[in-house]
Protein chains: 2
Amino acid sequence: MATIRDVAKEAGVSVATVSRVLNDNGYVGVETRKRVTETIERLNYSPNEVARSLYKRESRLIGLLLPDITNPFFPQLARGVEDEVHQAGFRLLLGNSDEEASKELDYIQTFVQNQVVGMISATNNTDRENYEDIDLPVVFLDRTSKHHPSVFADGREGGRLAARALIDRGSTKITLIKGPAHVQPAQDRFQGALAELSKAAVDFSVLGTTSYAFEEAKTWAEELFTKHPETDGVIASNDIVGIAILHEALRLGKSIPDELQIIGFDDIPLSSLSYPSLSTIRQPAYEMGKEAAKLLIRMIKKEQEIDQMIQLPVSLIERNTTRKVDKDE
Amino acid sequence: MATIRDVAKEAGVSVATVSRVLNDNGYVGVETRKRVTETIERLNYSPNEVARSLYKRESRLIGLLLPDITNPFFPQLARGVEDEVHQAGFRLLLGNSDEEASKELDYIQTFVQNQVVGMISATNNTDRENYEDIDLPVVFLDRTSKHHPSVFADGREGGRLAARALIDRGSTKITLIKGPAHVQPAQDRFQGALAELSKAAVDFSVLGTTSYAFEEAKTWAEELFTKHPETDGVIASNDIVGIAILHEALRLGKSIPDELQIIGFDDIPLSSLSYPSLSTIRQPAYEMGKEAAKLLIRMIKKEQEIDQMIQLPVSLIERNTTRKVDKDE
DNA sequence: CCCTCTTATGTAACCGGTTACACAAAGCCT
DNA sequence: AGGCTTTGTGTAACCGGTTACATAAGAGGG
């Protein structure tokens with residue numbers, strides 16, 4: 001690999017001049033610039049980012065910490081982040097925390113050691129000491145924090161919307177699935193739905209779950225129908241659980257949405273491909289990722305007026321696991 | 001942030017001694033080691049990876065280049081890579097190429113500039129000049145290359161298995177979906193299935209597609225049933241397309257698997273949650289990622305006996321979009 | 001013509017680790 | 001006791017960029 005000194009020697013100038021050409025700052029004569037540019041081209045030189053980072057005391061990398069990329073909601077977030085960050089000239093260091101504090105800490109340390117310019121975290125322990133003594137820009141994504149700017153969707157409203165949708169469409173014995181207790185947005189949804197159900201004239205029961213894993217989703221689904229066989233409306237904690245419930249309901253021969261309505265949460269790509277296609281509360285995951293990245297970049301550039309909270313709206317996506325409601329009633 | 005010089009000064013030793021303690025090499029007196037360790041602890045010092053990388057001329061980062069993390073097959077691969085790489089003390093730099101040569105080149109350059117120790121690529125242009133003048137260890141994943149070690153699943157066999165499954169279970173007018181021409185493994189599957197169908201006494205037709213995107217999958221599904229309404233068995237190019245076809249078939253009121261059998265490819269997590277659950281040819285994506293990472297790490301450590309090709313077996317996952325076949329016939 | 005400002009370029013310190021090399025003290029052997 | 005090896009530690013060069021500072025030539029103004 002050619003270095004800046006090789007280029008300087010070849011072009012008959014000093015390294016400072018080459019650096020000035022590279023970064024397009026300071027004075028450089030037209031003739032000199034041309035000669036340097038040609039030499040760079042000819043030697044196929046590209047500057048070493050590591051050396052640059054060392055002197056600048058920061059790299060062009062951004063750390064992204066996710067619970068688990070294998071959960072279909074997160075690739076969307078990640079992609080939003082990546083697209084925005086890439087465009088601004090940054091690159092991503094990726095980590096999966098698996099909700100383990102040690103892995104999380106481990107990655108935060110990696111990020112710091114590699115002098116990332118900022119980090120985006122979609123992890124659950126937002127108020128741990130982990131993030132306290134870091135002087136990096138940090139943005140929380142799909143999570144909230146008192147100490148750092150956050151980008152998230154309106155989970156409470158999502159929960160209300162889901163509950164209202166089922167109530168309006170005639171479910172009277174609703175089962176509300178409560179997501180894992182340590183997952184913040186799951187609790188927001190739950191609270192929203194709970195509030196709405198409490199206000200309405202319907203029976204409802206709550207089924208607690210402890211994870212979002214695929215395999216376990218099947219278990220919750222089975223549990224649901226043994227514990228509450230008479231239920232005629234389910235508010236799932238997310239689309240995976242929703243799809244698992246749909247699967248189980250069909251297996252039991254229930255007619256969807258006539259006998260049982262189901263509503264999911266997230267709007268992951270595959271939810272439109274289930275049959276019947278899953279009605280759900282959409283979170284704009286890709287946009288959330290983009291917003292988080294934009295916000296972080298603004299922080300990196302030390303711009304004024306940094307939003308502390310960006311809440312994105314959720315929306316009801318009416319597909320075929322809920323019944324149609326007459327527009328003009 | 002404390003530096004190694006701060007630690008040295010505080011502990012009353014030279015930087016060389018601190019470095020020796022950190023890396024546990026060279027001679028260090030027991031008493032000195034203790035004092036240095038305590039000082040490191042007290043100052044909460046952690047070494048700057050960037051400085052280390054600069055001197056060593058290589059970082060502890062590995063580049064991972066994927067077509068698109070949003071496609072449900074890739075998170076599995078990525079996770080396999082991550083787990084293996086993390087355990088060996090490396091971290092991941094991630095890029096999505098979107099099958100665009102420019103993005104791909106861009107990321108390869110980023111990897112080189114950041115002095116990654118190696119890279120894993122699941123991109124399509126494996127024999128472009130892109131990879132020629134790089135002197136990094138490179139492993140191709142879910143792709144093959146003549147010039148670099150590759151880890152992939154037995155696509156041809158998968159295609160054969162899929163075709164045989166439908167034939168054995170009585171489909172006689174089979175439609176074979178041909179995936180995008182530039183995606184290597186898609187073509188392997190196609191060739192395998194084609195060979196098997198050609199040998200058998202069944203009618204079949206081929207439907208070409210150009211992408212794997214969710215939205216377009218629905219279009220292929222519709223196209224399938226307008227062009228070949230009489231088909232009684234579909235070999236999909238992957239699970240997404242398979243699920244889209246299942247969805248469309250159910251919408252058209254077809255009875256699955258009695259009237260129409262469908263077989264997918266990949267075994268993405270959600271395929272077991274469709275209803276009827278999708279029969280498919282499983283690729284061990286997570287293991288593939290792990291194998292690729294292991295292989296790369298072996299290359300990084302300059303071990304002897306590097307496999308040039310690791311082919312993992314595929315298997316038929318018999319679920320409910322195919323009919324049962326009598327064991328003892 | 002002299003002074004000042006702008007333009008152009010080079011020298012060398014610096015970022016924070018790692019390590020070659022030098023040096024000294026202690027242990028061991030004959 | 002003298003020589004050789006092992007152990008312990010420090011000095012300074014090095015990795016490859018960036019930039020503060022120095023220097024000098026040319027332009028412009030009175």
Side-chain angles (χ1 to χ4, degrees), chain A residues 1-37 39-40 43-61 89 91 109-117 135, chain B residues 1-37 39-40 43-61 89 91 109-117 135:
Chain A
M1 280 287 100
T3 72
I4 198 172
R5 279 163 237 270
D6 298 332
V7 175
K9 190 179 287 180
E10 275 282 311
V13 298
S14 75
V15 292
T17 300
V18 178
S19 179
R20 282 190 279 258
V21 171
L22 284 172
N23 298 292
D24 205 20
N25 58 19
Y27 294 111
V28 181
V30 259
E31 195 50 47
T32 312
R33 163 166 278 121
K34 208 177 122 202
R35 195 146 33 88
V36 170
T37 311
T39 311
I40 288 174
L43 298 189
N44 193 21
Y45 165 75
S46 90
N48 182 322
E49 266 296 310
V50 178
R52 187 187 156 284
S53 301
L54 180 58
Y55 185 86
K56 292 270 194 166
R57 287 138 164 265
E58 68 179 31
S59 69
R60 281 158 165 156
L61 300 176
R91 300 295 180 264
Q109 195 185 10
T110 300
F111 293 163
V112 171
Q113 289 183 320
N114 283 281
Q115 299 189 164
V116 301
V117 256
D135 61 350
Chain B
M1 280 286 100
T3 71
I4 198 172
R5 279 165 238 268
D6 298 332
V7 175
K9 190 179 289 180
E10 276 281 309
V13 297
S14 74
V15 293
T17 301
V18 179
S19 178
R20 282 189 278 257
V21 171
L22 284 171
N23 299 291
D24 205 21
N25 58 20
Y27 294 111
V28 181
V30 258
E31 196 49 48
T32 312
R33 160 166 281 122
K34 207 177 120 201
R35 195 148 30 87
V36 170
T37 311
T39 311
I40 288 174
L43 298 189
N44 193 19
Y45 166 76
S46 89
N48 182 321
E49 266 295 312
V50 178
R52 188 187 154 284
S53 301
L54 180 59
Y55 185 87
K56 292 271 194 162
R57 288 137 165 270
E58 70 179 30
S59 70
R60 281 158 164 155
L61 301 176
R91 300 295 179 262
Q109 196 186 8
T110 300
F111 294 162
V112 172
Q113 288 182 319
N114 282 282
Q115 299 190 164
V116 302
V117 255
D135 61 351

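What you are looking at is a predicted structure, and each value in this text was computed from that prediction instead of being measured. Here is the naming used below: chain letters follow the sequence lines, and residue numbers restart at 1 for every chain.
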- Message: How close do B:V7 and B:I40 get, counting heavy atoms only, and between which atoms?
- Response: CG1-CG1, 3.8 Å
- Nucleotide-resolved protein contact map, nucleotides 17-26 of chain D, B/S/- at heavy-atom distance under 4.0 Å: BBB-------
- Query: When you measure from every atom of DNA chain C, which of residues 26-36 of chain B have a heavy atom less than 4.0 Å away?
  - Reply: none
- Query: Do you know which two heavy atoms are closest between B:N48 and A:Q113, and how far apart they sit?
  - Reply: OD1-O, 3.7 Å
- Using the side-chain contact (heavy atoms from CB on, under 4.5 Å) rule, take A:R52 and A:R60 through it: C-alpha gap first, then chi angles, then the decisive distance, then the call. CA-CA 10 Å; A:R52 187 187 156 284; A:R60 281 158 165 156; 3.5 Å; yes
- Query: Hey, what do you get for CZ (B:R91) to CD (B:E49), rounding to the nearest 0.5 Å?
  - Reply: 9.0 Å
- Item | Test item: B:N23 side-chain N/O and B:N25 main-chain N/O as donor-acceptor pair under 3.5 Å | no
- Message: Closer than 3.5 angstrom, by distance alone: can the side chain of B:Q115 be matched with the main-chain N or O of B:S53 as a donor-acceptor pair?
- Response: yes
- Item | Flag, side chain of A:T37 to backbone of A:R33, donor-acceptor distance under 3.5 Å | yes
- Message: From CE of A:M1 over to C1' of D:dC15, roughly how many Å is that when rounded to an integer?
- Response: 16 Å
- Note on the structure: Looking only at heavy atoms, the pair that brings B:T3 and B:D6 closest together is N-OD2, 2.9 Å
- Query: For B:V13, which contact category applies under a 4.0 Å heavy-atom criterion: base, sugar-phosphate, or nothing?
  - Reply: sugar-phosphate
